[in-house]
Protein chains: 2
Amino acid sequence: MAYQKIFTAMADPTRRIVLEKLKGKPRTVADIANDMPVSRPAVSQHLKVLQEAGLVNVEAIGTRRFYSLRREGIEKLRKYLDGFWEDVVASYAAKVFKRKNADGGTE
Amino acid sequence: MAYQKIFTAMADPTRRIVLEKLKGKPRTVADIANDMPVSRPAVSQHLKVLQEAGLVNVEAIGTRRFYSLRREGIEKLRKYLDGFWEDVVASYAAKVFKRKNADGGTE
DNA sequence: TTTTTTGGTAAGCCACAACTTACCGTATTC
DNA sequence: GAATACGGTAAGTTGTGGCTTACCAAAAAA
């Protein structure tokens, strides 16, 4: 199950701040680390985790590395969460089906 | 931000197994702990975390306690994830708007 | 009323995750 | 070429999260 890395990555508050900083546009590490309560290497380590979880992309330009949101990763999480409704719909449909066939569809 | 508890709760693989076991119907603690690689008290502790995150409900019947999925909690997470697309849509709309007003709407 | 079932809580252990500082390599710029 | 900017990685520390066993309270069954 590859959801593990995504959940783990998003469970950390600092990493979520990083992700939210990338909402608007790609940013460099120094840019991201700016105004953050943790050191630049810490941010670097968080970015590694986010990258391995498939939540960010990197593009190196000169000595700078631009990190950007990778929304496919987030989409994966959404899909997983959707799974918690499938059964509700299924059981409801089954109930309706059962009733329709039990009383001849009077309801 | 109340998302923290939900993310933390869902980041643990054992807790996700518990949640998935509750998909179909409410279950007792012993029922949930059955076939799990961890002890019954461990499951009890996990259920506490899930409850505090708003992901499960409890109903006590006699000495047994039936735990059930609380989908509003999961829905909250979905809403948060949705936030990562809003900006995309907004910036796209802004771009289209800008272009329409720049060249008189030829595209 | 004793015994059994059910499950929450306390205490203690241990692994790991999130930091820090120190260091290094590689592009720019002077 | 020397100095500076940028950022990844190593090593070490520390708090905490998940587990275990032991214990306790309450309801049901005997």
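As the structure is a computational prediction, the values presented were derived from the model and not from experiment.
- Relative to the axis of its first five pairs, the axis of the last five pairs of the helix from C/dT1-D/dA30 to C/dC30-D/dG1 sits at 20°, rounded to 10 degrees.
- The NZ atom of B/Lys48 sits 7 Å away from the P atom of C/dA10 (whole-angstrom rounding).
- Dashed line: the shortest gap from a side-chain N or O of B/Tyr67 to OP1 or OP2 of C/dG8 is under 4.0 Å.
- Atoms CG and OH, on A/Leu50 and A/Tyr67 in that order, are 9.5 Å from each other to the nearest 0.5 Å.
- For CZ of B/Arg64, the number of neighbouring non-hydrogen atoms (other residues, nucleotides, ligands) closer than 6.0 Å is 12 at most.
- Phosphate proximity of C/dG7 to B/Thr63: absent, as no side-chain N or O sits under 4.0 Å from OP1 or OP2.
- For DNA chain D, the span of nucleotides reached by chain A at under 4.0 Å from its heavy atoms goes, 5' to 3', from D/dC6 to D/dA10.
- Under a 4.5 Å side-chain heavy-atom criterion applied to ILVMFWY residues, the cluster that includes A/Phe66 comprises A/Ile61 as well.
- We find the CG-CD distance between A/Leu69 and A/Glu20 to be 9.5 Å, quoted to the nearest 0.5 Å.
- The list of salt bridge (charged side-chain N to carboxylate O under 4.0 Å, His left out) pairs with a residue in residues 29-42 of chain A, not counting sequence neighbours, reads A/Arg27-A/Asp31.
- Note that CZ of B/Arg71 is 7.0 Å distant from CH2 of A/Trp85, once rounded to the nearest 0.5 Å.
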- Audit row: A/Arg78, B/Phe84, side chain to side chain contact (heavy atoms under 4.5 Å, CB included) steps and yes/no: CA-CA 11 Å; A/Arg78 275 184 48 124; B/Phe84 284 96; over 6 Å; no
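- With rounding to whole Å, B/Arg27 atom CZ is found 15 Å from C/dT6 atom P.
- Sorted pairs that involve residues 15-56 of chain A and meet ring-ring contact (aromatic ring centres under 6.0 Å, His included), not counting sequence neighbours, are lacking altogether.
- In this entry the distance linking CZ of B/Arg65 with C1' of C/dG8 reads 8 Å, nearest Å.
- B/Arg16 CZ to A/Phe7 CZ: the interatomic distance, rounded to the nearest 0.5 Å, is 5.5 Å.
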Which pairs, protein N/O on one side and nucleotides 17-24 of chain C N/O on the other, fall under 3.5 Å?
unit_1 : atom_1 : unit_2  : atom_2 : d
C/dA18 : OP1    : A/Asp12 : OD1    : 3.4
C/dA18 : OP1    : A/Arg15 : NH2    : 3.1
C/dA18 : OP2    : A/Arg15 : NH1    : 3.2
C/dC19 : OP1    : A/Thr14 : OG1    : 2.9
C/dC19 : OP2    : A/His46 : NE2    : 2.5
C/dT20 : OP2    : A/Ser39 : N      : 2.8
C/dT20 : OP2    : A/Ser39 : OG     : 2.6
C/dT20 : O4     : A/Gln45 : NE2    : 3.1

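- In this structure, B/Glu59 atom CD and C/dG7 atom C1' are separated by 16 Å, rounded to whole Å.
- Separation of atoms CD (A/Gln51) and CG (A/Asn57) is listed at 8.0 Å; rounding is to 0.5 Å.
- The main-chain N or O of A/Gly54 is found under 3.5 Å from a side-chain atom of A/Arg70 such that the two form a donor-acceptor pair.
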